[in-house]
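All chains are named by letter (A, B, ...) in the order of the sequence lines, taking the proteins before the strands, and each is independently numbered beginning at 1. Just so it is clear, the model here is predicted, and its values are computed rather than measured. FYI, side chains are in, hydrogens and waters are out, and symmetry mates aren't considered; it's all heavy atoms of this structure.
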Amino acid sequence: MATQAPALGETLRRRPYIPVFVTLAVVTGLELAITTPGYFPVLEHTFRIVLLVIMSTIKASLVVAYYMHLRYEPRWLALIPLAGLALVAVLVAALTATVAH
Amino acid sequence: MAHSEPAGEEEEEHHGSPWPVIIAIGMGVGYVGIVSASVPMLLVGLVIFAGGAGGWIHQDMQRPSSAFYGLATAVESKFPRVSARKLGMWLFLATEIMFFSAIIGSSFTLRLRTGTPGLPTFGGPWATPNQILNVPLTGLNTFILICSSLTMVEALAAIERDDKVKHRFFLLATLLLGITFLSIQAFEYQKLYFGEGLTFTHAPLGSGVNPLYGPTFYAQTGVHGSHVTAGVLALAYVTRKAFKGGFTKQNHEAVELVGLYWHFVDVVWIFLFTIVYLV
């Protein structure tokens with residue numbers, strides 16, 4: 001069992017903080033571009049929404065994995081936010097069922 | 001708090017503090033004030049809470065971070081390499097996920113129910129992106145928040161390398177970026193409320209936009225803004241402590257915990273920006 005942070009100095013040097021930042025900035029720029037009138041007018045409305053949801057999910061995942069260090073933590077720790085997300089899934093299902101009626 | 005003593009550490013002082021108890025009493029009194037709709041009781045609770053928080057911060061500022069919480073003293077347990085405090089922060093963030101989901105989910109349900117033409121509950125269309133909100137300005141604000149996440153994680157990386165100069169610089173940068181985000185949001189609110197006429201009950205006159213657009217907008221962005229405010233206060237605390245030399249390579253868990261909260265606020269904004277401003 002590890003009682004010390006594992007090879008901390010070595011791990012830190014390899015953490016890709018800047019590439020993650022560049023990706024976040026570029027994807028944010030793309031999000032703005034596809035919603036600005038006159039840009040990408042060929043994108044159909046529903047497709048654009050799906051694209052936006054995918055892009056925001058990618059951005060959020062990058063922040064959680066690298067900036068919140070979840071990628072470097074023991075696997076079991078991810079169960080905590082996932083439990084929260086599971087309850088969110090129940091909420092979304094309930095709301096969807098409500099709206100459908 | 002009851003801890004087993006860390007191996008190889010001298011247990012020279014007691015880690016207990018009465019202030020968390022006072023904070024809890026303040027929160028309890030304030031909560032009773034909310035549920036019984038008693039403003040004086042709510043105010044008394046807030047005063048006790050503020051006094052407890054101030055006392056705790058003052059006490060904590062008097063000394064460097066306890067060695068007990070240092071990275072090198074992680075406790076042997078069934079849950080390796082995660083301290084109780086970090087576990088607590090993640091549990092808190094899981095509750096925050098549910099909290100924000102409730103706010104966003106209810107707003108989106110209102111939008112679908114009252115903003116969909118043809119439904120008997122239709123009350124007017126939702127505003128399109130750029131119709132009322134200043135999307136480019138908020139895009140800039142989103143970029144500022146992303147920058148603050150980078151500076152926050154760099155502040156943590158710096159103290160893990162024992163580079164105190166960069167640690168202080170990046171913490172201060174994060175604090176300033178957070179204040180900038182809030183300032184831009186305050187400017188946006190002022191323009192929208194008094195300039196455009198997007199209020200808690202009405203959409204701008206003549207726009208034909210659903211009157212629920214305003215309240216859902218302010219509820220979602222306002223709750224997030226209050227979280228950013230709490231984050232800025234927490235950042236002010238760790239920045240002040242960093243400038244007093246309170247964190248070292250071994251003892252800096254408070255920075256990591258405030259960072260976790262700050263990044264979470266960024267993650268929430270990533271979704272809110274898409275849902276409120278772009279869709």
When only pairs under 4.5 Å are counted, which of B/A102, B/P136, B/C147 shares the most heavy-atom pairs with chain A?
-> B/C147

Most chain A-contacting option - heavy-atom pairs closer than 4.5 Å, from B/L150, B/V267, B/T95, B/L260 | B/L150

Qualifying salt bridge (Lys or Arg N to Asp or Glu O under 4.0 Å) pairs with a residue from residues 139-151 of chain B, counting only residues at least two apart or across chains | none

Looking only at heavy atoms, the pair that brings B/N130 and A/T35 closest together is ND2-O, 3.8 Å

Distance, nearest 0.5 Å, that separates CG of B/D266 from CE of A/M68 | 9.5 Å

What residues of residues 20-27 of chain A sit under 4.5 Å from chain B when you count only heavy atoms?
-> A/F21, A/L24, A/A25

Highest number of heavy-atom pairs under 4.5 Å with chain B among A/V53, A/V92, A/V88 belongs to A/V88

With a 4.5 angstrom heavy-atom cut-off, could you sort out which part of A/I49 is near chain B: side chain, backbone, both or neither?
-> side chain

So, do A/P81 and B/L93 sit near enough that their side-chain heavy atoms are less than 4.5 Å apart?
-> no

Heavy-atom nearest pair, A/S56 first then B/T274, reads CB-OG1, 3.4 Å

Under the salt bridge (Lys or Arg N to Asp or Glu O under 4.0 Å) rule, what pairs show up with a residue in residues 144-157 of chain B, not counting sequence neighbours?
-> none

Between B/G139, B/S149, B/P129, B/G259, which shows the greatest number of heavy-atom pairs under 4.5 Å with chain A?
-> B/S149

Passing option when B/H263 is tested against A/Y17, A/Y66, A/Y67 for ring pair (Phe, Tyr, Trp, His ring centres under 6.0 Å) = A/Y67

Mind jotting down which residue pairs meet the ring-ring contact (aromatic ring centres under 6.0 Å, His included) criterion with at least one end in residues 104-139 of chain B? Sequence neighbours excluded, please.
-> B/W126-B/Y213

